[in-house]
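Worksheet for the structure shown next.
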Amino acid sequence: MRYDYKYRINNKDKGDLAMELKELTSAEQVVMKCIWDYGKDMPLQQLIENLKQDYGKDYKRTTIRTFVLHLEEKGYVTTCLLYTSDAAD
């Protein structure tokens, strides 16, 4: 069995969200936009692929995890573990 991360957008009042957007770095804004555009819980691998394809950002997995950790600390996303069965196991 393998696991990966997926990210869920936290629901906030639009007024609060607009104020908090100023707190994001430009890289965090790109990551958050990518998650918003996906529109549902987003697996980490999908986030990596979408950032590369849609935004030309070829970030390392650990770098993206760091960005998302900051987004979680700021209340934008929640991190969940996604368990998958691996046919090769």
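Just the heavy atoms: all of them, side chains too, but no hydrogens, waters or symmetry mates, feed the values below. Note that this is a predicted model, so its numbers are computed, not measured.
- Taking Thr66 as the reference, His70 meet the side chain to side chain contact (heavy atoms under 4.5 Å, CB included) condition, with sequence neighbours excluded.
- Note that CG of Leu24 and CZ of Phe67 are 11.5 Å apart. Values are rounded to the nearest 0.5 Å.
- At distances below 3.5 Å, at least one donor-acceptor pair connects side-chain atoms of Glu72 with backbone N or O atoms of Thr79.
- Rounding to the nearest 0.5 angstrom, the gap separating the OG1 atom in Thr62 from the CZ atom in Arg65 is 10.0 Å.
- Every residue was checked against the side-chain hydrogen bond (donor to acceptor under 3.5 Å, both in side chains) condition with Tyr38, not counting sequence neighbours, and none meets it.
- A chain of hydrophobic side-chain contacts below 4.5 Å, direct or via other Ile, Leu, Val, Met, Phe, Trp or Tyr residues, connects Val31 to Tyr55.
- Panel note: side chain Gln53, backbone Asn50; no donor-acceptor pair is recorded below 3.5 Å.
- Note that CD of Glu49 and CG of Leu44 are 10.0 Å apart. Values are rounded to the nearest 0.5 Å.
- Nearest heavy-atom pair, Lys57 versus Val30, reported as atom, atom and distance to 0.1 Å: CG-CG1, 4.2 Å.
- Counting all heavy atoms, side chain and backbone alike, Lys74 lies closest to Thr25 at NZ-N, 4.5 Å.
- For the pair Asp54/Asp37, no side-chain contact is recorded, criterion being any heavy-atom separation below 4.5 Å from C-beta on.
- Atom CG of Leu47 sits about 5.0 Å away from atom CE of Met42, to the nearest 0.5 Å.
- The shortest non-hydrogen separation linking Met32 to Tyr76 is SD-CB, 3.6 Å.
- Looking at residues two or more places apart in sequence or on another chain, you find a side chain to side chain contact (heavy atoms under 4.5 Å, CB included) between Lys52 and Asp58.
- Interatomic distance, Tyr59 OH to Leu51 CG, rounded to the nearest 0.5 Å: 7.5 Å.
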